[in-house]
Amino acid sequence: MTALIIKKRIDLIVDLPLIPKIVAIGKAAGIEHHTVLSALSGIGTHGSWSDDRISGAMAKANFMTICSAEHAESFVAALEPLLSSYRMIITVTDVGVVRGSHF
Amino acid sequence: MTALIIKKRIDLIVDLPLIPKIVAIGKAAGIEHHTVLSALSGIGTHGSWSDDRISGAMAKANFMTICSAEHAESFVAALEPLLSSYRMIITVTDVGVVRGSHF
Amino acid sequence: MTALIIKKRIDLIVDLPLIPKIVAIGKAAGIEHHTVLSALSGIGTHGSWSDDRISGAMAKANFMTICSAEHAESFVAALEPLLSSYRMIITVTDVGVVRGSHF
Amino acid sequence: MILETLTSPIILFFALGLLAAFARSDLVIPEALAKGMSIYLMAAIGLKGGVSVAAAGFGPDLLIAALAGVLLSFAIPFLAYALLRSIGRLDGINAAAVAAHYGSVSLVTFVTADQLLTASGISAAGYMVAVLALMETPAIISGLLLARRGTKQSADSGASNMWHEVFLNGSVVLLTGSFLIGLIAGKDGFAPIAPMFEVGYKGVLCLFLLDMGLIAARRIMASKGLTFRLIALAIAMPIGNGLIALGLAAALGMAMPEMIVLAILAASASYIAVPAAMRLALPEADPGIYLSMSLGITFPFNVIFGISLFTFLARMIS
Amino acid sequence: MILETLTSPIILFFALGLLAAFARSDLVIPEALAKGMSIYLMAAIGLKGGVSVAAAGFGPDLLIAALAGVLLSFAIPFLAYALLRSIGRLDGINAAAVAAHYGSVSLVTFVTADQLLTASGISAAGYMVAVLALMETPAIISGLLLARRGTKQSADSGASNMWHEVFLNGSVVLLTGSFLIGLIAGKDGFAPIAPMFEVGYKGVLCLFLLDMGLIAARRIMASKGLTFRLIALAIAMPIGNGLIALGLAAALGMAMPEMIVLAILAASASYIAVPAAMRLALPEADPGIYLSMSLGITFPFNVIFGISLFTFLARMIS
Amino acid sequence: MILETLTSPIILFFALGLLAAFARSDLVIPEALAKGMSIYLMAAIGLKGGVSVAAAGFGPDLLIAALAGVLLSFAIPFLAYALLRSIGRLDGINAAAVAAHYGSVSLVTFVTADQLLTASGISAAGYMVAVLALMETPAIISGLLLARRGTKQSADSGASNMWHEVFLNGSVVLLTGSFLIGLIAGKDGFAPIAPMFEVGYKGVLCLFLLDMGLIAARRIMASKGLTFRLIALAIAMPIGNGLIALGLAAALGMAMPEMIVLAILAASASYIAVPAAMRLALPEADPGIYLSMSLGITFPFNVIFGISLFTFLARMIS
Ligand SMILES: Nc1ncnc2c1ncn2[C@@H]1O[C@H](COP(=O)(O)O)[C@@H](O)[C@H]1O
Ligand SMILES: Nc1ncnc2c1ncn2[C@@H]1O[C@H](COP(=O)(O)O)[C@@H](O)[C@H]1O
Ligand SMILES: Nc1ncnc2c1ncn2[C@@H]1O[C@H](COP(=O)(O)O)[C@@H](O)[C@H]1O
Ligand code: NA
Ligand code: NA
Ligand code: NA
């Protein structure tokens, strides 16, 4: 069995226009790589949204990054104060990766 | 380290037209919030599908919700009898969240 | 509580044109079913990409499969040598499923 | 008539789509483009119908055609259900779902017939668009009644939401809405936007049928639940439904062009409006079966043979 | 004038969208199609403006109109901010965001007005497209100044990226770019591509307004933060802004057609360019509020009443 | 000739795209719209070619041009491979992938040249569209042969699937298919759908080139593996390939308009059909390199300079 190394996977549901800011905050916390997965609609404390907005201001996406526990901690700490103003949710999960050095 | 509270993440792969029904079943089980992530294609026991159907009847999506263990249990119990007729799959994972109260 | 059976969830971020190859490799490793989730953009060691390529050669997607630990092991072993040439990342997570036999 | 149809670019693009998909080419029309073209076609056909009715006015023949259409849409599912259960050996739920498709109508078959008939000098009255819109929904109701009776299923929790879906389905709303706009705006109101909806019409139809060919062929290749009996029914039912409609139209003394269109509507099976409604109302029904039959077999059959067949038969009767 | 507008297909498709969405129909125009149509409209209106200015040349009246537009775009947010804080009882951040929307302009309101005015014999000068483009951005700057002053917030980390977003916003670049291309290519250069941008123009506008109706109605139904006071302001502010613009235009001796268009621009509120910029610059502001007001209330008000109102008032003044 | 080209809206929209992307504007054309426009262009150019060959009939010169085209498409990759390995210092796999792109052709360069040449009074024969379609695939085969020989790689598991991808590639199928439909339908068959494919043609080309400009510039900005040597080759190879084609065409006695088009085809590098095939057949090759060269450098070079250069040279020779 290829030995798996445990890393952290961080998932954010955040507005599309805010992704560049999240990437910048991530860089400051040592997060170099990420993937943005596309979302169609959702309901949260701030009501419902779906991506058919002409302005695109309401469209959200799933920002995902795999990183070390240390980077995860500093990233989450940096994002925490913005949670309510950016209307984001954050989840942290353990994942096994093959090339430990890559993340 | 910001203390993380353990919650459950439930993922469904389900037909797009059935999402309103899933949301209704979720509400009955105490699930108020969710996000729908977009899927492109897939193969299951019922054969292959991809989203380029004129009718859209075959298009599927990834319904995702973060909730407490109790709500997760009642939601899964409500969905179990519909699994084969709705051609759905369900997975349950543990995730860490920052604002316990939010979910 | 409906008893949950532990299975493995494998996630790949891989170029869209390579999905048929991944499906073939999966079949050889006993992976019959999968779902492809859509991705919008990302940054990795090979630079940034986003799906607005005329050629589509740069568009990537999130190939996801739920399978037994054995199948997961042979699948990861088959993919490992292709990781850098196919510019893929792989993560393996534990998930709980309701119908053990289905996966 | 058949030769002309088979060499018209519309049918040739449909054939190109079929061949490309059977040869497993990776040619794909983006879904947003396909949805966009179907929205354009529905708006164009609705407006055209409304404008021509605004000019011709509401005559009794419109009422007759409308009544005949609604009657056919309600009744055909019951006949189809019996055939599907007996000859087709389908279970109750799937038989009801397929029956609803065959009672309803296919917009693109109507639009293609409209083009091919006009090309060979037969032009049906504008109000047939209204008949098209009226025939979409009754069959869904019959289908659901058949499914309920078949399985004594308790009223589905989503029932209210389902009725809503059946009547406020996107295509029915757009078709009826643009028909009314054409009616209100009339000839002169329509003039400024006429170029867009006339110039592009046939060309968009070509690209749309290219996509229909791709999807129909891929539907056939991916169809798992299709038995030989069901394939035979997917060809026999359109012919049967068309003949019934011809008989009814002749009995009601409808004019030849309207008679042909009514037969083609009865013979056509839905694959845009009804599948969406069925997926919500009868989730247990397998979309693989009803889509393979209506989209994979009946649609190509109607476009290539059905239209010429019913034109020929209608000419013989009148 | 009002009757003609209300029976023109453009407005009827808008009404169809509103009704369909309020009736909770599942009719949806794919986002890629909506984006595509807005790109087509911006290119067409830009080219048309550039070509007409190339023919008419740069006169002093273009400068006057441009100056008036930019002045209005800078000034209106300060007035709107005061009203939103006092009558609207909005917090500083949200008041600044909404004020920026009302200082800026809405392309589709401009395009719709252009169509309706031409239909009733009033054609404004081509350079008003340049005024449209010039009025998009100043209001965002005023809005951000108001927000900063309101909360003494430390310079936002993304500030540089935000200025860039404000000036190099997609719609401003496309509008100004195609205006310049129209200017360089001139009448003869534009001739070969004229059919595409003229034939399709009104038809695309119909389908786009169908989508606007759907989204405006759904915006109203989903709006949570909207108080009665804000709804009143969403109607009062367009009227106020329009009157101020009329006064300014009259004082500057602008011709009647240009006066109407300037008033409609001042009365219109942005919902494509500004929301994107605000979401980045003022993430704390709730998009629910500014979108419901500008897209849900002010846009329908302007399209149905505003255009006729300011045409009537402008006729009275001159 | 160059001045006319540089002020034609088509090139101006391309320049607008380049400038907007270099200025990091967020202007983006949705992918589904871009795919839709490329499908429209392929169908339109295929139909036009087929209809004109149906009118002109199959002459010997079509065979000569086709043979010359296929020969060039097979041969150029070997020459390019040698240059890329020696001067470019590229590894075997990447050199083979880039060589395949330069042996193949670019539809949009062909379409743009077709427009600019017609604008300046030179119209090439309709059958050049067939030559375009024939030149797409041979270069991919040469590229794969070079890659295999270069690395002695065991037959790739997906080989069969790869050959299938090479010949049944979406754009080749659509181009050849619509060419045949134009051939079968002929002038009169094409008449009803002509408006859509002619009226919209140049306008769609403008918006498509806007998108090409955006993507080419973003490609250059994101390119990591591009050395100075490769940039030089991305300009030298088109010139070299064009000259070889001119020489071959002159030797075969081709007429001046067809000579120019053959040179432009040889000089053009693919970025729709070949990248998709390469990604599947040679996954080890870095798309960053071959896309930056063919899409980021060679395409802009050909559109702005190449077309005028080969027109000038061809005029000199004949
Ligand atoms: N418990 C949850 N499960 C899944 N998605 C959620 C949950 N809560 C919030 N979201 C997503 O995050 C978005 C913003 O959440 P909120 O700030 O609560 O409005 C929502 O629109 C949903 O798309
Ligand atoms: N083991 C699996 N891993 C990932 N996706 C799956 C799996 N099984 C089923 N699916 C997805 O769920 C859909 C329906 O599954 P089924 O009911 O088995 O046909 C399939 O089309 C896939 O998209
Ligand atoms: N640490 C990571 N977290 C999330 N996505 C990643 C990560 N590393 C790579 N990716 C994704 O995988 C793609 C290819 O990675 P690479 O081969 O490193 O260029 C990238 O473009 C990202 O979309
Ligand atoms: Na029918
Ligand atoms: Na304004
Ligand atoms: Na070439």
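All of these numbers come straight from a predicted model, not from anything done at the bench. Each chain gets a letter, A, B and so on, in the order the sequences are listed, and its residues count up from 1.
Of all non-hydrogen atoms in E:L16 and D:G177, the two that sit nearest each other are CD1-CA, 3.6 Å. The heavy-atom pair separating D:L168 from E:A23 by the smallest distance is CD1-O, 2.8 Å. When all heavy atoms are compared, the tightest approach of E:P30 to D:G36 is CG-N, 4.5 Å.
Interface check for chain D: of the options E:G200, E:A15, E:G203, the most heavy-atom pairs under 4.5 Å are formed by E:G203. Contact count against chain E (heavy-atom pairs under 4.5 Å) is highest for D:I193 among D:I193, D:L47, D:L180.
Considering CD of D:E31 and CG of E:L33, their distance stands at 12.0 Å, rounded to 0.5 Å. Distance check: E:S8 OG to D:F190 CZ gives 13.5 Å after rounding to the nearest 0.5 Å.
The environment of E:F22 atom CZ is dense: over 12 non-hydrogen atoms of other residues, nucleotides or ligands sit within 6.0 angstrom.
Heavy atoms closer than 4.5 Å to chain D are found in both the backbone and the side chain of E:F13. Both the backbone and the side chain of D:A185 come within less than 4.5 Å of a heavy atom of chain E.
Shown are E:L12, E:I10, E:L210; of these, the side chain to side chain contact (heavy atoms under 4.5 Å, CB included) with D:I181 is made only by E:L12.
Counting only distance, with no hydrogens or angles, the side chain of E:D26 and the backbone of D:N169 share no donor-acceptor pair below 3.5 Å.
Contact check for E:L207 versus D:M196: side-chain heavy atoms found under the 4.5 Å cut-off.
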